[in-house]
Amino acid sequence: MRTTLIVGNWKMNKTASEAVRFVRELAGVLAKDPAVEIVLAPPFTALESVHGVLGSVSHLALGAQNLHWESQGAFTGEISGPMLRDVGCTYVIVGHSERRTLFGEQDGDIHKKIRSALANGLRPILCVGESLDERELNRTDAVVTGQVAAGLAELTAEQLKPVTIAYEPVWAIGTGRAATTEQAVAVHRAIRASIASGWSMEAANRMRILYGGSVTPQNAPSLLRESEIDGALVGGACLKTESFATIVLAAKNRPVH
Ligand code: PEP
């Protein structure tokens, strides 16, 4: 039984004071439900103030959008795993396609970040996804499972336990053009099969695989109806209380699989 997970990736939006106002409103609207885990991933500058609003026992967990693989040192502008833990994070997004395409993150960097997250007690959300060209060349499964294998290389099945994978087709992120439910399910199946062959069937059955890419209140019910889709990584639609709450409601109303 995999608990549904809804993650709001705020990207570079909201100042710390805007974040406080927003999270106060959100926390009032999103009731606790053991069937759905919710993670808020504000910018680094708002982590501390959001944690202050949530408190340490909130039903809303705190996540970061990135981390450096070293714990400390001469890495100007970077943030480490111990820093994220200290400020109350329990999750961290790793290898988002904007990090890969705009900031040149490679699979090897992402692998080191996954290891650092795990070493620091953070639950990594590994993002994978194909470009439009790759999809049109029928390379989707190969690209995505290759990113999974590289990101999780040499981890044991035990080490995989805190890991979540987010399938986010690059062409769907921020474009308003989400994958169809059928497209998402097909790739989720390929990812799960690659975990089964690389690790074990048990590890595959346990792995949460989220869909991300233009998730909206309109398409969330169809996506989340599928047993293969264990939740959503939400960008644009997580910035407004109503749209994020409606997506969370779709998760709460999904059939029990
Ligand atoms: C994302 O940032 O991971 C994302 C999926 O963005 P959007 O929902 O805006 O496409």
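Quick caveat, the model's predicted, so the values are computed rather than measured. Counting starts at 1 for both ligands and their atoms, following the listed order.
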Self-check item: Heavy atom of the protein closest to atom 1 (C) of ligand 1 (residue, atom name, distance)
Solution: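 Nearest protein contact, heavy atoms only, for atom 1 (C) of ligand 1 is His96 NE2, 3.2 Å.
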
Side-chain atoms of residues 165-182: list all donor-acceptor pairs with protein atoms under 3.5 Å, sequence neighbours left out, distances to 0.1 Å.
from	atom 1	to	atom 2	distance (Å)
Tyr167	OH	Glu130	OE1	2.9
Tyr167	OH	Glu130	OE2	3.0
Tyr167	OH	Arg135	NH2	3.3
Glu168	OE1	His96	NE2	3.4
Trp171	NE1	Glu130	OE2	2.9
Thr175	OG1	Trp171	O	2.9
Thr175	OG1	Ala172	O	3.3
Thr175	OG1	Arg177	N	3.1
Thr180	OG1	Gln183	N	3.0
Thr180	OG1	Gln183	OE1	3.4
Thr181	OG1	Ser222	OG	2.6

Self-check item: Heavy-atom side-chain contact between Leu84 and Asn120 under 4.5 Å
Solution: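 Leu84 vs Asn120: side chains apart.
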
Exercise. Taking the side chain as every heavy atom from C-beta outward, state whether Leu118 and Leu155 have any atom pair closer than 4.5 Å.
Key: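 The answer is yes; the side chains approach within 4.5 Å.
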
I'd like to check whether [X] has a polar contact with ligand 1, where a contact means an N/O of the residue lying under 3.5 Å from an N/O of the ligand.
X      : value
Thr175 : no
Lys11  : yes
Gly235 : yes

Practice problem: Report the C-alpha separation of Glu37 and Arg208 in whole Å, then their side-chain angles, then the decisive distance to 0.1 Å, and conclude whether the salt bridge (charged side-chain N to carboxylate O under 4.0 Å, His left out) test is met. | Solution: CA-CA 12 Å; Glu37 233 186 300; Arg208 284 192 293 193; 2.9 Å; yes

Specify side chain, backbone, both or neither for [X], according to which of its non-hydrogen atoms lie closer than 4.0 Å to ligand 1.
X      : answer
Ala172 : backbone
Leu233 : both
Glu168 : side chain

Quiz item: Should Leu40 and Met83 be counted in the same cluster of Ile, Leu, Val, Met, Phe, Trp and Tyr side chains packed under 4.5 Å apart?
Solution: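 Same cluster: Leu40 reaches Met83 through Ile, Leu, Val, Met, Phe, Trp or Tyr contacts under 4.5 Å.
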
Exercise. Decide whether Val143 and Ile209 are clustered together by the hydrophobic rule: side chain heavy atoms of Ile, Leu, Val, Met, Phe, Trp, Tyr closer than 4.5 Å, transitively.
Key: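 No: no chain of side-chain contacts under 4.5 Å links Val143 to Ile209.
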
Quiz prompt | Contacting atoms of ligand 1, where contact means under 4.0 angstrom from a heavy atom of Gly174 | solution =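 What qualifies from ligand 1 is 7 (P), 9 (O), 10 (O).
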
Practice problem: List every atom of ligand 1 that sits less than 4.0 Å from any heavy atom of Gly236, numbering the atoms from 1 in the order shown and giving each element. | Solution: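 Numbered from 1, ligand 1 contributes 7 (P), 8 (O), 9 (O).
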
Quiz item: Is there a heavy atom in Gly213 that sits closer than 4.0 Å to ligand 1?
Solution: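 Yes, Gly213 has heavy atoms under 4.0 Å from ligand 1.
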
Quiz item: Does Val7 sit in a hydrophobic cluster with other residues, and if so which ones, taking ILVMFWY side chains as linked at heavy-atom separations under 4.5 Å, directly or through other members?
Solution: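 In the cluster with Val7 are Leu5, Val39, Tyr91, Ile93, Ile125, Leu210, Leu233.
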
